[in-house]
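Here is the structure we will look at, set down as structure tokens.
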Amino acid sequence: MNLNDFAQHWLKSWNSHDIEGVLAHFSEDVEVTTPMIKVATSGDEDTIYGKEAVRKYWTTALKKFPDLHFKLICITEGVNSAAFYYETVLEKKAIEVMYFNSEGLVTKMNAFYSLQE
């Protein structure tokens with residue numbers, strides 16, 4: 001897997017609000033943990049499981065934040081993992097850490113956001 005190609009497709013898909021394009025890189029049993037789940041859904045969960053649950057969350061989030069846009073600052077690479085550092089909604093900076101399986105699909109993602117100032 002070429003991480004730069006992955007990042008550019010991820011960024012282009014997010015910025016065009018193409019949820020299916022983003023989801024193409026995720027496994028069916030993906031686990032996503034982010035404080036934005038509570039913000040976008042007004043719910044109590046901060047972790048969701050499975051591609052269908054992620055699709056539902058991201059669809060809800062895009063309705064709540066129709067001007068969502070990511071500006072990629074930096075990509076870092078780990079062992080079967082990567083972290084993307086970017087600017088996002090609500091004037092926040094974020095880091096998403098993604099873990100990949102042997103097919104190059106994301107199986108787990110953790111997101112971290114800057115504190116509100």
Side-chain angles (χ1 to χ4, degrees):
M1 171 182 63
N2 181 308
L3 191 53
N4 283 320
D5 290 346
F6 175 94
Q8 291 310 310
H9 187 263
W10 174 87
L11 186 67
K12 181 180 176 185
S13 296
W14 267 121
N15 287 341
S16 64
H17 296 186
D18 175 10
I19 293 172
E20 296 307 315
V22 179
L23 283 170
H25 298 288
F26 287 72
S27 67
E28 289 297 325
D29 61 346
V30 67
E31 174 184 322
V32 172
T33 301
T34 169
M36 291 303 283
I37 296 170
K38 288 180 182 177
V39 173
T41 65
S42 300
D44 295 329
E45 296 178 314
D46 51 21
T47 300
I48 52 178
Y49 303 91
K51 199 182 237 184
E52 192 55 42
V54 173
R55 178 182 287 111
K56 183 178 176 185
Y57 155 57
W58 285 342
T59 300
T60 301
L62 285 174
K63 287 178 185 170
K64 185 161 186 157
F65 301 106
D67 60 340
L68 179 122
H69 183 85
F70 294 165
K71 180 182 174 189
L72 193 59
I73 298 169
C74 180
I75 305 166
T76 60
E77 185 174 17
V79 176
N80 298 319
S81 61
F84 295 176
Y85 178 43
Y86 60 94
E87 294 176 357
T88 185
V89 297
L90 305 174
E91 299 181 19
K92 291 184 176 281
K93 290 191 173 66
I95 297 172
E96 285 194 19
V97 180
M98 300 176 213
Y99 300 89
F100 302 97
N101 64 16
S102 59
E103 286 106 37
L105 297 175
V106 177
T107 59
K108 184 174 183 176
M109 190 214 55
N110 292 318
F112 305 84
Y113 291 84
S114 58
L115 297 174
Q116 200 70 357
E117 296 181 21

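Numbers here are sequence positions counted from 1.
Heavy-atom minimum distance, Ile37 versus Val32: CD1-O, 3.8 Å. Residues Lys51 and Leu23 come closest through the heavy atom pair CE-O, 3.1 Å. Nearest heavy-atom pair, Trp10 versus Glu96, reported as atom, atom and distance to 0.1 Å: CZ2-OE1, 3.8 Å. Residues Val97 and Phe112 come closest through the heavy atom pair CG2-CE1, 4.0 Å. For the pair Ala111 and Pro35, the tightest heavy-atom approach, listed with the atom from each and the gap, is O-CD, 3.6 Å. In this structure, Ala7 and Ile75 approach most closely via the heavy-atom pair CB-CD1, 3.4 Å.
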Pair Val106-Tyr99, side chain to side chain contact (heavy atoms under 4.5 Å, CB included): steps then yes or no: CA-CA 5 Å; Val106 177; Tyr99 300 89; over 6 Å; no

Run the numbers on His69 and Glu87 for side chain to side chain contact (heavy atoms under 4.5 Å, CB included), then give the verdict.
CA-CA 8 Å; His69 183 85; Glu87 294 176 357; over 6 Å; no

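Lys63 is listed as a side-chain neighbour of Thr59, based on a closest heavy-atom distance under 4.5 Å. You'll find the side chain of Thr41 stays beyond 4.5 Å of the side chain of Lys64, heavy atoms only. Contact of the Phe65 side chain with the Thr88 side chain is not registered, since no non-hydrogen atoms from C-beta on lie closer than 4.5 Å. Proximity of Tyr57 to Glu45: side-chain heavy atoms (C-beta onward) are nowhere separated by under 4.5 Å. By the 4.5 Å heavy-atom criterion applied to side chains, Val54 and Met109 are not counted as neighbours. Using a 4.5 Å cut-off on side-chain heavy atoms (C-beta onward), Glu28 and Glu52 make no contact.
Among Gln8, Met98, Glu77, the one residue that satisfies the side chain to side chain contact (heavy atoms under 4.5 Å, CB included) test with Leu3 is Glu77. No option in Ile48, Leu68, Ile19 other than Ile19 meets the side chain to side chain contact (heavy atoms under 4.5 Å, CB included) test with Trp58.
Hydrophobic clustering of Ile, Leu, Val, Met, Phe, Trp and Tyr side chains at less than 4.5 Å, counting indirect connections, keeps Phe100 apart from Ile95. Following chains of ILVMFWY side-chain contacts shorter than 4.5 Å, one can reach Leu72 starting from Val89, so the two form part of one hydrophobic cluster. The hydrophobic cluster containing Tyr85 does not contain Tyr113, counting ILVMFWY residues as joined when their side-chain heavy atoms lie under 4.5 angstrom apart, directly or transitively. Using a 4.5 Å cut-off between side-chain heavy atoms of Ile, Leu, Val, Met, Phe, Trp and Tyr, with links allowed through other members, Leu90 and Leu62 fall into the same hydrophobic cluster.
From Lys108, atom NZ reaches atom OG of Ser27 across 12.0 Å, with rounding to the nearest 0.5 Å. Residue Phe84 holds its CZ atom at 13.0 Å from CD1 of Ile73, rounded to the nearest 0.5 Å. Here NE2 of His25 is found 9.0 Å from CG of Leu105. Values are rounded to the nearest 0.5 Å.
Within 6.0 Å of atom NZ in Lys12, 12 or fewer heavy atoms from other residues, nucleotides or ligands are found, so the atom counts as exposed in its surroundings. Within a 6.0 Å sphere centred on CG of Asn2, other residues, nucleotides and ligands contribute more than 12 heavy atoms.
Between Phe70 and Trp14, the ring planes lie tilted relative to each other; the angle falls in the 30° to 60° range.
Between the Thr33 side chain and the Asn110 main chain, no donor and acceptor come within less than 3.5 Å of each other.
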